[in-house]
Peer 1: 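Provided herewith is a single structure, encoded as structure tokens, for subsequent inquiry.
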Protein chains: 2
Amino acid sequence: MALKDAPVLSHVSCGDCPIRHRAVCARCESDELVALERIKYYRSYEAGQTVVWSGDRMDFVASVVTGIATLTQTLEDGRRQMVGLLLPSDFVGRPGRSNAAYDITATTDLVMCCFRKKPFEDLMAHTPHIAQRLLEMTLDELDAAREWMLLLGRKTAREKIASLIAIIARRDASLKAEGRDGPLVFDLPLTREAMADYLGLTLETVSRQISALRKDGVIVLDGKRHVTVPDIDRLLLEAGDDSDGGFIG
Amino acid sequence: MALKDAPVLSHVSCGDCPIRHRAVCARCESDELVALERIKYYRSYEAGQTVVWSGDRMDFVASVVTGIATLTQTLEDGRRQMVGLLLPSDFVGRPGRSNAAYDITATTDLVMCCFRKKPFEDLMAHTPHIAQRLLEMTLDELDAAREWMLLLGRKTAREKIASLIAIIARRDASLKAEGRDGPLVFDLPLTREAMADYLGLTLETVSRQISALRKDGVIVLDGKRHVTVPDIDRLLLEAGDDSDGGFIG
DNA sequence: CGGCGCATTGATGACATTCAAAAACCGTGG
DNA sequence: CCACGGTTTTTGAATGTCATCAATGCGCCG
């Protein structure tokens, strides 16, 4: 288990950072990195902990180093919708805004590399490489949000589940950089309830559709969380996406 | 055929541009504006025309000057979801990408201020004010997309319609900068079908819910498109949003 | 073992979709 | 001015998908 006794990690050199090449600092030269290094600090959260509540003052921005966090919105009567799934290297918070717009929750044990907002903004003004990278990341997130909107607005429950499993499978494969084909094997990092919040469904429907995909042989389950995808193309077909599961040039 | 007599508008000075203070050029100094002015050109499209198809090569970026355009995604079987609603001053296209990710359609007559991508990217590299503004606009769009995700995933048909009308009403009021209260009056700039694509509904459901809101006195219709909102708070209540309809500090 | 959290399964019903038809609207041309 | 055809919108009835309510099962830890 994770961070029992280390709410703040010891200082890790940026050169050794696992997200060095993907995070907001990806494009920085070594002198820029030194400046970032000077103002950074780590925070960790246990699975289930809330990082900030929507509307609360938030005096820092951060990169996810390890673990997974979610952004969610809530209607007064309790209906919840996840609007962001933050994986390692993703950026948290918004320069130029002082209060959080969403609830941020750690769904696994989580470590973030934080910068107090003011110093970060000042640094950004002098460091185009940071602003450039942040723009690029934000545009990617916008694309992801739009893909997600298609899912929420137009896909069936079964397609939603298949899509989510495909997304997780793809991410996992890219991380492990596995051999091209052969069955994919991974763990679902989300509870049924979190999946429901992601997909705009109830947890019962999520459970039913997962069972259905299992029954039809699209996925194989070992326990609640451990998944094998024997045929990724079959899964993508079920997801209803454009043939290729495709990316843009 | 398309653009009867004005495929390219006469050159308008940036100083006189109606979106000068809100578009991607908003922060530019006069010398920066000159550089932009040198590479800009206008294009117009008639209502209903497609600007580009998803996947097509797109060698320019642009700002909407007047009119409304939409971004939509389509599943193979024809299900469509709008993922962006582009109003005057909104930015179209993505620096660093050569092909369109979405269908872009003019839903009204449309004028755009275009920049060929390469010169724009070069200019952006030397002009932090443009990149800064673009980042800010992209972050705003991301927030809007997330609000939209909540709508798509969790709101009922009636709430979706009320939300859309509220969004249009708010935008319209901010444009006309009207007296605080008193009934709001405006036109819906979208067909029932476009609303359905926006909201993840069928056009029949859109029609039914609009009728229901009319029957309940939440809105007053004059013809198909002309709307009066006698009580904006009532409408916001129907939209199911956070009490204030609110913004973040 | 017993209790707690998470997940599955079942029965029922509400809400939105689908299919179908009628009505209202718009521009055109007589 | 009105008639006409095409398009958009409204309305109706039947169907289906997913939500809701409720009970049961599973795994884990004290």
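First the proteins, then the strands, lettered A, B, ... as listed; each starts at 1. Because only heavy atoms are used, hydrogens play no part in the values below, and waters and symmetry mates are left out as well, while side chains stay in.
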Peer 1: If I take atom CG in residue B:L190 and atom C1' in nucleotide D:dT8, what distance separates them, rounded to the nearest angstrom?
Peer 2: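 After rounding, the reported distance stands at 14 Å.
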Peer 1: Can you pull the salt bridge (Lys or Arg N to Asp or Glu O under 4.0 Å) pairs that have at least one residue in residues 141-151 of chain A, sequence neighbours excluded?
Peer 2: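 As it turns out, the salt bridge (Lys or Arg N to Asp or Glu O under 4.0 Å) pairs with a partner in residues 141-151 of chain A, which skip direct neighbours, are A:E141-B:R146, A:D143-B:R94, A:D143-B:R97, A:R146-B:E141.
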Peer 1: Please enumerate all residues that pass salt bridge (Lys or Arg N to Asp or Glu O under 4.0 Å) together with B:E204, with sequence neighbours excluded.
Peer 2: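 With sequence neighbours excluded, B:E204 shows a salt bridge (Lys or Arg N to Asp or Glu O under 4.0 Å) to no residue whatsoever.
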Peer 1: List in chain and number order the residues that pass salt bridge (Lys or Arg N to Asp or Glu O under 4.0 Å) with A:D56, two or more places apart in sequence or in another chain; answer none if no residue qualifies.
Peer 2: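 Not a single residue meets the salt bridge (Lys or Arg N to Asp or Glu O under 4.0 Å) criterion with A:D56.
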Peer 1: In whole angstrom, what separates B:I210's CD1 from D:dT10's P?
Peer 2: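 Between P of D:dT10 and CD1 of B:I210: 6 Å.
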Peer 1: Go through DNA chain C in 5' to 3' direction and return only the first and the last nucleotide with some atom under 4.0 Å of chain A's heavy atoms.
Peer 2: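 Range of nucleotides touched by chain A: C:dA7 to C:dA11.
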Peer 1: I need the residues from residues 191-199 of chain A with at least one non-hydrogen atom less than 4.0 Å from DNA chain D; give them sorted by number, or say none.
Peer 2: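 By residue number: none to list.
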Peer 1: B:R154: what forms a salt bridge (Lys or Arg N to Asp or Glu O under 4.0 Å) with it, not counting sequence neighbours?
Peer 2: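 B:R154 satisfies salt bridge (Lys or Arg N to Asp or Glu O under 4.0 Å) with A:D197 only.
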Peer 1: Return the polar atom pairs (N/O with N/O) between nucleotides 18-25 of chain D and the protein under 3.5 Å, or none.
Peer 2:
from   : atom 1 : to     : atom 2 : distance (Å)
D:dC18 : OP1    : A:A157 : N      : 2.8
D:dA19 : OP2    : A:T202 : N      : 3.4
D:dA19 : OP2    : A:T202 : OG1    : 3.2
D:dA19 : OP2    : A:T205 : OG1    : 2.5
D:dT20 : O4     : A:R208 : NH2    : 2.8
D:dC21 : N4     : A:E204 : OE2    : 3.1

Peer 1: Taking all heavy atoms of B:V64 and all of B:L87, pick out the closest pair and write down the distance.
Peer 2: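 Closest heavy-atom pair between B:V64 and B:L87: CB-O, 3.5 Å.
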Peer 1: The criterion is salt bridge (Lys or Arg N to Asp or Glu O under 4.0 Å); which residues satisfy it with B:D77, sequence neighbours excluded?
Peer 2: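 Salt bridge (Lys or Arg N to Asp or Glu O under 4.0 Å) check on B:D77 returns B:R79.
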Peer 1: I need the full list of salt bridge (Lys or Arg N to Asp or Glu O under 4.0 Å) pairs touching residues 218-238 of chain A, with sequence neighbours left out, sorted by first then second residue.
Peer 2: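 Qualifying pairs: A:R158-A:E238, A:R234-A:E238.
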Peer 1: Can you tell me which residue pairs pass the ring-ring contact (aromatic ring centres under 6.0 Å, His included) test with a partner in residues 184-220 of chain A, sequence neighbours excluded?
Peer 2: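 Sorted result for residues 184-220 of chain A: A:W148-A:Y198.
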Peer 1: Output all residues satisfying side chain to side chain donor-acceptor pair (under 3.5 Å) with B:S63, sequence neighbours left out; order by chain, then residue number.
Peer 2: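 B:S63 satisfies side chain to side chain donor-acceptor pair (under 3.5 Å) with no other residue.
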Peer 1: Just the rounded figure in Å: distance from C1' of D:dT10 to CG of B:L213.
Peer 2: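 For the pair B:L213 CG and D:dT10 C1', the rounded distance is 15 Å.
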Peer 1: Identify, with sequence neighbours excluded, every residue that meets side chain to side chain donor-acceptor pair (under 3.5 Å) alongside A:T205.
Peer 2: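 Once residues adjacent in sequence are excluded, the partners of A:T205 under the side chain to side chain donor-acceptor pair (under 3.5 Å) criterion are A:T202.
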Peer 1: Give A:S207 one of three labels, base, sugar-phosphate or nothing, depending on what nucleic acid heavy atoms sit under 4.0 Å from its own.
Peer 2: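 If one applies the 4.0 Å heavy-atom cut-off, A:S207 turns out to touch a base.
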